[in-house]
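All values derive from a computational prediction rather than experimental measurement. Residue numbers start at 1 and run along the sequence shown.
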Amino acid sequence: MPNQAEGLYGSRARMVSVASGKGGVGKTVVAVNLSVVLQDRGHRVLLFDTDAGFANAEILMGVTPKFTLKDFLKKKVGIEEVIFTTPYGVDLISTGMDVEDLITFNVEDKGRVVNELRKIGEDYDYIIFDFPPGFNEQLERFYLSSDHVLVLTATEPTALVNAYTFVKILVLKGLEPVSFHVVMNMVKDLREGRKVVEKFSSVVSKFVGVNFDSTHLMKFEPLVRESVARQIPFVVLKKTSQPSLAIHGIADRITNKIVAKKLSFIERVKLLFGMG
């Protein structure tokens, strides 16, 4: 028999966590453009920007939300005022603080967030979380409960080492998500890039014991830099560009793969706020 209570807790929403071993590999760029593509396909999407150190999601979409989750926690506004609808139809929540700061709020304040998000969670098909770069112990159980984790990296040795370390830590801690994907960004030569990502996947499989559900290449193109400068997602500027097609490829894998959910949406939110 279906769990009727789960339906009240936003069981529709699929959780997609976008992470990276280090900064500067295009994590937020992918999170923003993936959100727009999913929205264009008819899905209701909420982009949760937890990378407060840069607030890049806001910048890349050319918007400035009036309020953040921090304002809600300080009881300045209601949760509906924190949700900002972007020109692309994607709803955006910016935390306005680091994840560590979220954890320090008292149980009553965090309980208010959970109760409010319970109400809105069922309105979305996908919740995209843009997490800060690197492994964060505060997010351990949240990584585990994600339906999909996208790990961003690049062809440079330091980026590959950091991505490998990130994946290895997740697995050693028993935090392997339901579905694992790797995205290699800023690739200058697709043929060489394919060799690098295949070797990376092989090393991870051999020494960590993880087989990625999918691998994706995003070519280095001036279009991406232009989209950042113009604050318009590149999937909007040029839908047929290689980076845009790569984002569509990621969306295909996410929407076509059925995953067995371990926790309801609201249970995962509790984990994010250290209440699980």
Side-chain angles (χ1 to χ4, degrees), residues 10 12-20 26-73 76-99 102 113 116-117 119-132 146-148 150 152 183 185 218 223-241 243-248 250-251 254-255 265 269 272:
R12 286 182 60 195
R14 294 290 179 179
M15 313 287 285
V16 180
S17 296
V18 184
S20 64
K27 173 179 57 61
T28 302
V29 170
V30 169
V32 166
N33 282 273
L34 178 61
S35 298
V36 173
V37 165
L38 290 173
Q39 181 72 29
D40 284 345
R41 293 187 178 192
H43 301 291
R44 288 290 312 280
V45 181
L46 174 65
L47 176 57
F48 211 123
D49 184 6
T50 69
D51 194 357
F54 298 96
N56 281 335
E58 301 174 19
I59 297 172
L60 294 178
M61 301 184 92
V63 298
T64 306
K66 188 175 181 180
F67 302 108
T68 67
L69 198 59
K70 185 176 182 179
D71 295 310
F72 172 78
L73 286 167
K76 294 181 178 181
V77 297
I79 194 68
E80 66 281 352
E81 295 178 86
V82 174
I83 302 172
F84 183 89
T85 301
T86 70
Y88 311 101
V90 175
D91 284 349
L92 172 67
I93 290 181
S94 178
T95 58
M97 66 187 89
D98 292 326
V99 173
L102 282 174
V113 177
E116 292 298 325
L117 290 180
K119 298 175 185 177
I120 67 172
E122 62 187 8
D123 293 333
Y124 297 98
D125 301 306
Y126 290 93
I127 315 289
I128 311 293
F129 281 85
D130 179 22
F131 285 126
S146 298
D147 294 302
H148 302 272
L150 305 184
L152 267 291
V183 181
N185 192 18
M218 286 182 57
L223 170 70
V224 178
R225 183 174 297 177
E226 178 188 350
S227 74
V228 173
R230 294 177 59 182
Q231 297 180 288
I232 301 174
F234 59 76
V235 294
V236 175
L237 286 178
K238 189 175 181 181
K239 297 181 179 180
T240 58
S241 68
S244 295
L245 295 177
I247 294 294
H248 277 278
I250 298 169
I254 288 175
T255 55
F265 166 64
V269 171
L272 178 61

### Message
Rounded to the nearest 0.5 Å, what separates atom CD1 in Ile79 from atom CD1 in Ile93?
### Response
5.0 Å
#### Entry: Atom pair CG/CD1 of Leu46 and Ile127 - distance to nearest 0.5 Å
4.5 Å
Only counting residues at least two apart or in another chain, list the ones meeting side-chain contact (heavy atoms from CB on, under 4.5 Å) with [X].
X	answer
Glu80	none
Arg225	Phe220
Ser244	Phe234, Val235, Ser241
Asp40	Val36

### Query
Partners of Glu81 by salt bridge (charged side-chain N to carboxylate O under 4.0 Å, His left out), sequence neighbours excluded?
none
Please give me the minimum heavy-atom distance between [X] and [Y], naming the atom from each residue.
X	Y	value
Pro87	Val63	CD-CG1, 3.6 Å
Phe72	Val77	CD1-O, 3.3 Å
Pro243	Val224	CG-CG2, 4.0 Å

### Query
Taking it one step at a time, do Met218 and Val30 satisfy side-chain contact (heavy atoms from CB on, under 4.5 Å)?
CA-CA 10 Å; Met218 286 182 57; Val30 169; 3.7 Å; yes
Side-chain contact test, heavy atoms from C-beta onward, threshold under 4.5 Å: evaluate it for [X] versus [Y] and give yes or no.
X	Y	answer
Lys76	Phe67	no
Val16	Ile254	yes
Leu150	Ser17	no
Asn33	Val37	no
Asp49	Phe129	no
Val18	Leu152	yes

Is a salt bridge present between [X] and [Y], judged by a nitrogen-to-oxygen distance below 4.0 Å?
X	Y	answer
Lys27	Asp130	yes
Asp71	Lys66	no
Asp125	Arg44	no

#### Entry: Sequence neighbours excluded, every pair satisfying salt bridge (Lys or Arg N to Asp or Glu O under 4.0 Å) that has a member inside residues 230-241
Glu226-Arg230
### Query
side-chain contact (heavy atoms from CB on, under 4.5 Å) between Met61 and Tyr88: does it pass, once the steps are laid out?
CA-CA 8 Å; Met61 301 184 92; Tyr88 311 101; 3.8 Å; yes
### Task
Could you point out which residue of Val45, Val82, Leu47 forms a side chain to side chain contact (heavy atoms under 4.5 Å, CB included) with Leu92?
Leu47
### Reference residue Leu38; test side chain to side chain contact (heavy atoms under 4.5 Å, CB included); the match among Val90, Ile128, Ile250
Ile128
### Message
Whether the Thr64 and Glu58 side chains hold a donor-acceptor pair (N or O, under 3.5 Å, no angle test) is what I'd like checked.
### Response
no
### Query
Under 3.5 Å, is there a donor-acceptor pair between the Arg14 and His43 side chains?
no
### Task
May I have the step-by-step check of side-chain contact (heavy atoms from CB on, under 4.5 Å) for Tyr126 and Asp147, ending in yes or no?
CA-CA 10 Å; Tyr126 290 93; Asp147 294 302; over 6 Å; no
### Query
Between Val228 and Leu60, does a side-chain contact (heavy atoms from CB on, under 4.5 Å) hold up when you go through it step by step?
CA-CA 6 Å; Val228 173; Leu60 294 178; 3.7 Å; yes
